[in-house]
Protein chains: 2
Amino acid sequence: MSKKATRDEIIAAADDLFYRRGFEKTSFADIAGVVKISRGNFYHHFKTKDEILDAVIEKRLADRQAMLDKWEIDGQTPEDRIRSFIDILIVNGEKIKRYGCPIGTLTSELAKLNHAAQGEANKLFTVFRTWLKRQFEVLGRKDDADELAMHLLARSQGAATLANAYQDDAFIARELESMYAWLRDCAAGVNKRQRAEM
Amino acid sequence: MSKKATRDEIIAAADDLFYRRGFEKTSFADIAGVVKISRGNFYHHFKTKDEILDAVIEKRLADRQAMLDKWEIDGQTPEDRIRSFIDILIVNGEKIKRYGCPIGTLTSELAKLNHAAQGEANKLFTVFRTWLKRQFEVLGRKDDADELAMHLLARSQGAATLANAYQDDAFIARELESMYAWLRDCAAGVNKRQRAEM
DNA sequence: TTGTTTTTAGGACAAGCGTCCCAATTCGTC
DNA sequence: GACGAATTGGGACGCTTGTCCTAAAAACAA
C-alpha cells in the first residue's frame, strides 16, 4: 500500500480511538490493531505519538472546516446555518452521549496533560467560533457577533457534558429548544440582556 | 502516624493530582511523592488505584455537600444561594481556567475509560442538581425546578470548558452576567421560552 | 520489659508503554 | 528480469506502571 494511504488509515483510526478512549489511554498497539500493521512499522510513518496527535488535530480541523463550508452552501439564511451547528447535538447525539464532545474532551485532556498541542487543539474551537461569528454578523449582529458565538459554543459544550453524564434525551431536547428560541431572539435583534432590562 | 491520618493525606493528595493531571496520568509514585511515603506502603492503605478513586469521589461528594449545606445557612433567599453556585466560576476561577471543572473533567475522563466508578462520579453532578432543584422549588418554580437545575448546570459546565480553553476573563464575566439575568427572570416567574412566545 | 499489632521502607514482579533498529519483503522503474 | 527505493514485520531497549511481598521499625499493651 502507498505510504499516504496507510498514513491516512493510521490517522483515521487514531482519530476514532483518541475520541472514544482519550489520547493518553490509546496506545500504539491499539492503533496498530485497528489498522492491522505491525507496531514497528509505525516509526516509518510517525516518529512519535505526538506527531500522530498533531495529524489527528489537523484532520479534525479540516473535517470541521469542510462541514462548515458545506453548510455555507446548504443553509439558506444565517439562522438556518447556526441551527445546523446546534443540531450537531442531534446528529452526533449517540456518540456525544457515550464519549462527550470530541473537541471539548480533547482540549480538556490536553490541558491537564499540559500538552504542547493545546494551542492547536483550541483552534478546533476557534474554527467554530470564527464561523459562528460570521453568521451572526450576516444576521445583523455585527457589534456582538463574537460574544454571541462564544455564548452559543458554551451552551453547546455544557449540553454535551451533561448529555454524556446523564444520557437524558429529554434534557437534550429541552436544551435544543432553548437554543433555538435564543437564536430566534438573536435574529429578531433582541438579546436576552436587553429584554431583561426592559 | 495513625492510619487514618495517612489515609486522609493520601486522599487529599490524590484529589488534587487527579484534578490537575487527570486520574489516568496520576501514578502511585506521584501521590507517594507528595505525601512522602514509600510506594510500597500504599498497599497497606489502598489495595488498588480504583480504591483511591472511590475515596477521592467520596471526599469530593462530602466536600461539595458541606459547601451547599453552608450556603443553605448563609444565603438569605434561594436566589442568593443559587447565585453562590454561579459564583463558583469566580471563586475557583483561576483553577478552572487552568484545569477545568473538577466534576465535569472527571466524569468525562471516566466515561472514556469506561470506568466502574462512573456512576459514583456522576453523583457529584447530582448533588448540585438536587440542591439546585430544591432552591428553585423554594423560589416558586415547583413544576420545572429540575429542568431549571439541569439548565444552570449545563450553562456552568459550558462556561467552565471554554474558560479552560480560552482563559478569557471577559467571556467569563459575560457568562456570569447572563446567568444572573436568567436567574432574575426565574425569580420573576418568567422563563425565557415563555417570553419568547409572547 | 516483653510481646503483639500496626505501620513503614524498599524492592521484586510481570506487563505495557513509546521508541527504535534491522532484516526481509514488496514496489516501481529501467 | 534486475535493481534501488519504499514499505513492512518482528522484536529489542529502557522505562514506568499497578500490584504485591517481606523484613524492619514504630506504636501500643501487658
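Per chain, numbering begins at 1; letters A, B, ... match sequence-line order. All heavy atoms count here, side chains included; hydrogens, waters and symmetry mates do not.
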| query | Starting at the 5' end of DNA chain C and moving along, which residue's nearest nucleotide shows up first, A:K47 or A:D30? | reply | A:D30

| field | Which residue lies more 5' along DNA chain C, comparing A:K49 with B:K4 via nearest heavy atoms | value | B:K4

For the side chain of [X], starting at C-beta, report the closest nucleotide among [options].
X	options	answer
B:I37	D:dG10, C:dA9, C:dG18	C:dA9
A:H45	D:dT8, C:dG18, D:dG11	D:dT8
B:F28	D:dG18, C:dT8, D:dT8	D:dG18
A:S27	D:dT8, C:dC17, D:dG11	C:dC17
B:A29	D:dT19, D:dT17, C:dG18	D:dT17
B:N41	C:dA12, C:dT19, C:dA9	C:dA9
A:H44	C:dT7, C:dG11, D:dT8	D:dT8
A:T6	D:dA12, D:dT8, C:dA9	D:dT8

For [X] and [N], what is the distance between atoms [atom1] and [atom2] respectively, to the nearest whole Å?
X	N	atom1	atom2	result
A:F42	D:dG10	CZ	C1'	15 Å
A:D8	D:dT7	CG	P	13 Å
B:E24	C:dG18	CD	C1'	15 Å
A:E51	C:dT19	CD	C1'	12 Å
B:Y43	D:dT17	OH	C1'	16 Å
B:D50	D:dG18	CG	C1'	10 Å
B:K36	C:dG10	NZ	P	15 Å
A:I10	D:dG9	CD1	P	10 Å

| query | Any side-chain donor-acceptor pair under 3.5 Å between A:S178 and A:R155? | reply | yes

| A:W71 ring center near A:F128 ring center (under 6.0 Å) | no

| query | Under 6.0 Å between the ring centres of B:Y166 and B:F171? | reply | no

| Considering residues at least two apart in sequence or located in another chain, which fulfil the side-chain contact (heavy atoms from CB on, under 4.5 Å) criterion with A:A66? | none

| Main-chain N/O of B:I82 paired with B:Q135 side-chain donor or acceptor, under 3.5 Å | no

